[in-house]
Number of protein chains: 2
Amino acid sequence: MVTLAEVAQHAGVSASTVSYVLSGKRSISATTRQRVERSIRELGYHPNAGARALASSKSNIIALMVPLRTDMYVPVMMEIAIAVATCARTHGYDVLLLTGEEGPDAVRRVAGSGLADGMILMDVELDDERLPLLRATDQPSVLIGLPADTTGLTCVDLDFRATGALCVEHLAKQGHQDIAVIGEAPAVYERHTGFAERTLDGLRSRSRELGVRLLHRPCEGGYDAMAVTLARILDERPGTSGIIVQNESAVEPLLALLRQQGRAVPEDVSVVAICPDQVAMQASVRLTSVAIPAQEMGRHAVEHLVAKLEGRGSDDVVLIAPELTVRTSTGPAPSRS
Amino acid sequence: MVTLAEVAQHAGVSASTVSYVLSGKRSISATTRQRVERSIRELGYHPNAGARALASSKSNIIALMVPLRTDMYVPVMMEIAIAVATCARTHGYDVLLLTGEEGPDAVRRVAGSGLADGMILMDVELDDERLPLLRATDQPSVLIGLPADTTGLTCVDLDFRATGALCVEHLAKQGHQDIAVIGEAPAVYERHTGFAERTLDGLRSRSRELGVRLLHRPCEGGYDAMAVTLARILDERPGTSGIIVQNESAVEPLLALLRQQGRAVPEDVSVVAICPDQVAMQASVRLTSVAIPAQEMGRHAVEHLVAKLEGRGSDDVVLIAPELTVRTSTGPAPSRS
DNA sequence: ATAGGTTGTCGAAGCGCTTCGATACCGAAT
DNA sequence: ATTCGGTATCGAAGCGCTTCGACAACCTAT
C-alpha cells in the first residue's frame, strides 16, 4: 500500500505539498504539481479513506436509508437508490446503504461514528420516528417524501397533490363524469405514508372544482384483489368511464380484467396510471400516465445534501411538478346513451 | 463528539483499557468493564469510524456492486441488496453501494483506498472485465453469479442448470411431450450472462434424456413482444402443452394472451416460471415455479465474504439447489386427441 | 519462601492524512 | 536599499483509535 509520504519522497517534496496538490487548497507551482502528479501515477497511489476521514473529519460518504419492505414500489426504490449512488459519485461521495431495519438507531450510529457526512432517508412516513433524532443531532439530511411537519428539514418529493389534480383534469377534459380511483393497499393509507393521502387530496379537491364524481377504493394489488375491487366499483358506479390507478401491482390485473369483461380501453374506459414510465410503457396497453420521476428525485436529494455539506444549503421543500404523458389508454368519454 | 479518551477519563482508566473493553481482545476485570460500560452509556460514546479504520486497517465495510441497468430482475436485485445489507449488519459490517457504472475502476478505487474490506459483485458476466483486477489485487470478494473461469474466486448462485432440469422434469412427469421455453431478452444471451445459458443447458440435456421436445425462444418481455413470440411458438409447435418462462416481464403478458386465446391454464397449457416467489404468487394464476432465492443468495455471499475476512474462508463455488413449488398453473398434459 | 505463570492495566508508538503557522523567496513599491 | 504583500513550500502537531510491550499484582506449585 502506497502512502502519501512515499509519494512525497518519490517526488522530492514534503508530504504536505502532496496533500495540497491533491486538495488544491493552497497554490502549488505548475512544475511541482506535475512532478507530484507523475509520482502519484507511477506509484499507483490511492489516498487512504480512513486516514482522510480522521484528519479531515469528513468521510465523503452519504448514507442512504431504504425501506426494508420489498413489497412496494420496488422498481422506484431501486431506481432512486441507483440515481443517488450515481449522482453522489459525480460529487465525490460514496453511498452507504442502510436498511430501515435499524430504524432510528441507524441514524444515531451513523451520526455518532462519523461514518457518513450526511444522510438521505427514503419512504418517510407522515410522523416518522427518525425525524426527532435528525433534528436533535443536526445531522445534515434530506428526505425523499414529505412528513407532516417539515420545519427544519429538507424534503424532495413529487407533488402528489398536483399529480392527483392533473389526473382528474385530464379525464374531465375528455368528458368523463364518473371517475374511479384505484389506490394503494389499505395498509399504505393506515401507515400514513403521506404521498397517498396527498394524491387523494389533489384528486378530491380538483374533482370537486370540476364537478365530476370521484370514487376512491384502496386495493391490495394482484389479480384477485383487483377483481373484487373492480366489481365493487362497477357495481356502485356503473357509469364509470375513467379510472385512475395508483398501484403498480394493480395495473396489469386491471387491464386484464377489463379486457376479459369486454370493456375496451380507451373506447369504453379510459385509464390513467400514476407509476414509473417504464411500467406505463410495458403494460399491455400504452398507458397515459403521470410518471414517478425516481431518477430526478434521487438526483435532487443528493444535490441538496451536497449543498448542505458544503455550507450553501438551505432547509426547504422541493416538490417536483408532475407531468402527464398521454398515451393510448385515454380518450373521450363514451357518449351517454 | 465524545472520544475514547474522555470515556477513559470519566471511568478513571486508561484509553487502552477502554479500547480493550470494546474489542474484547484482552481480558478485563468485571468491575472495570462495568465501570467503562457505564461511562460509555452515560456519555453516549460512539467510536469514530475513521480513526478505527486508520488504526486497525479494517473499515468494517463491505462494498456491493450492483448493475446499473434498471431494466432487468429489479426486484431480485433489490432483494439481494437488502439481504446483503441486513445480513452484513448482523456481522458488524456496513454496506457501500457501488453502481456498475465505474466498472473496474471502482474495484481499484475501493481496494486502493481501503474504503471497504471486501466486495460483493452482482450481475457477473461470463467473461467479466472486473475479474482480472479482483484476482490481481487479491481483494477479498464474492461473486453473485458464475463467470466462465472461477479459479481463485468465490461464487454464489442458484444452480440454474439444475433449475432447468427440474422444470423439464416436472412437466415431463405430467406427460407433457412438447415444451416451449420463453427465455430472457436476446440481449441477455448476447451478453453471456451465464445464468441464462446454464438454464438452457439444463433444460436441453434433461429434455433429451427424458425424450421430450423442447423449443427455446428468447423474448423481450412486455405484451407485444410476448404476443409475437407466443404466436411463433404455437405456429411452429401447435402441440405445445407445457411452457417454461424465465423472464419476469413476460409472465403476466403470457397469461393474459393465453386467456385471450381461450387456452386454459393448466387444463390446456401448463406453465412453469423461474422467478421470485412473489411474482409467482401475485400473478393472475398461482404459478408453479422455481424460486430465485434472492435473500439466500445475499446471505450466502455475505457469510462467505465475512469468513474470508476473518481468515477462515476458502475459494469455492456454492450452487444453491433449486426448489420447485407446485401451484395451480401445472397439471397433466391434455390427452392427445 | 521462591520461581513461574496468570491476569489486569497502563503508556507510548504509531496508522496516513490534513492543516496551521512559519519560512524563504520573489518582485513591486517606497 | 528597505519594506511590503504574494506565492510556494516545509515541518510539526494532531485527528481518535489500536496494539504491543512492560509491569505490577496475584495465584499456584514446589
Side-chain angles (χ1 to χ4, degrees), chain A residues 1-37 39-40 43-61 92 109-117 309-310, chain B residues 1-37 39-40 43-61 92 109-117 309-310:
Chain A
M1 160 145 279
V2 190
T3 70
L4 225 212
E6 293 174 306
V7 173
Q9 193 179 352
H10 185 271
V13 297
S14 76
S16 49
T17 301
V18 177
S19 178
Y20 286 124
V21 167
L22 250 34
S23 69
K25 292 193 177 170
R26 282 200 186 174
S27 51
I28 296 287
S29 69
T31 55
T32 307
R33 185 200 323 296
Q34 281 160 20
R35 207 141 33 85
V36 170
E37 280 166 353
S39 297
I40 288 176
L43 299 178
Y45 168 72
H46 281 270
N48 181 88
R52 212 167 228 204
L54 177 56
S56 65
S57 35
K58 304 189 349 103
S59 64
N60 284 298
I61 289 180
R109 191 166 61 83
V110 168
S113 68
L115 227 187
D117 297 332
L309 294 178
E310 290 173 356
Chain B
M1 158 146 279
V2 191
T3 69
L4 225 211
E6 293 173 308
V7 173
Q9 194 178 352
H10 185 272
V13 296
S14 75
S16 48
T17 300
V18 177
S19 177
Y20 286 124
V21 167
L22 251 33
S23 69
K25 292 194 179 173
R26 282 200 185 175
S27 51
I28 296 285
S29 70
T31 54
T32 307
R33 185 200 322 298
Q34 281 160 20
R35 205 140 36 83
V36 171
E37 279 167 353
S39 297
I40 288 177
L43 300 178
Y45 168 72
H46 280 270
N48 182 88
R52 210 165 229 205
L54 177 56
S56 66
S57 32
K58 303 190 346 103
S59 63
N60 284 299
I61 289 180
R109 192 166 61 84
V110 169
S113 67
L115 226 187
D117 296 332
L309 294 177
E310 290 173 356

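First the proteins, then the strands, lettered A, B, ... as listed; each starts at 1.
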N or O in side chain of A:K25 less than 4.0 angstrom from C:dT18 OP1/OP2: no

Under-4.0 Å side-chain N/O to phosphate OP1/OP2 contact, A:S19 with C:dT18: yes

B:T3 side-chain proximity, nearest of C:dT9, D:dG16, C:dG16: D:dG16

Residue pair B:Y45 / B:L22, side-chain heavy-atom distance below 4.5 Å: yes

Residue met sooner reading DNA chain C from 5', once A:V2 and B:G12 are mapped to nucleotides: B:G12

Polar contact flag, side-chain donor to acceptor under 3.5 angstrom, B:S19-B:S16: no

Interatomic distance where CZ belongs to A:R33 and C1' belongs to D:dT7 [whole Å]: 13 Å

Under-4.0 Å side-chain N/O to phosphate OP1/OP2 contact, B:S27 with C:dG8: yes

Heavy-atom donor-acceptor pair, B:S113 side chain to A:N48 backbone, under 3.5 Å: no

Closest to the A:S16 side chain, choosing from C:dG16, C:dT9, C:dT19: C:dT19

Euclidean distance, atom CG of residue A:L54 to atom C1' of C:dT18 [Å, nearest integer]: 10 Å

Spacing of B:L4 atom CG relative to C:dG11 atom P, expressed in whole Å: 14 Å

Check: A:R35 side chain, A:A11 main-chain N or O, donor-acceptor pair, under 3.5 Å: yes

Distance-only donor-acceptor test, A:S14 side-chain atoms vs D:dG11 base atoms, 3.5 Å: no

Proximity to the side chain of A:S56 - top-ranked nucleotide from C:dG16, C:dT19, D:dT9: C:dT19

Pairwise side-chain contact, B:V13 with B:V21, heavy-atom cut-off 4.5 Å (strictly under): no

Rounded distance in Å - CD (B:E6) to P (D:dG16): 8 Å

Length of the line joining B:Y20:OH and C:dC10:C1', which is rounded to integer Å: 10 Å

Side-chain N,O (B:R52) to OP1/OP2 (D:dT18) below 4.0 Å: yes

Whole angstrom value for the distance that separates P of C:dT18 from CG of A:N60: 10 Å

Nucleotide C:dT23, atom C1' - distance to CZ of A:R26 in whole Å: 12 Å

Phosphate OP1/OP2 of D:dC10: any A:T17 side-chain N/O under 4.0 Å: yes

For atom CG of A:L22 and atom P of C:dG16, their distance in whole Å: 16 Å

Distance test, side-chain N/O of B:S29 to OP1/OP2 of C:dT9, below 4.0 Å: yes

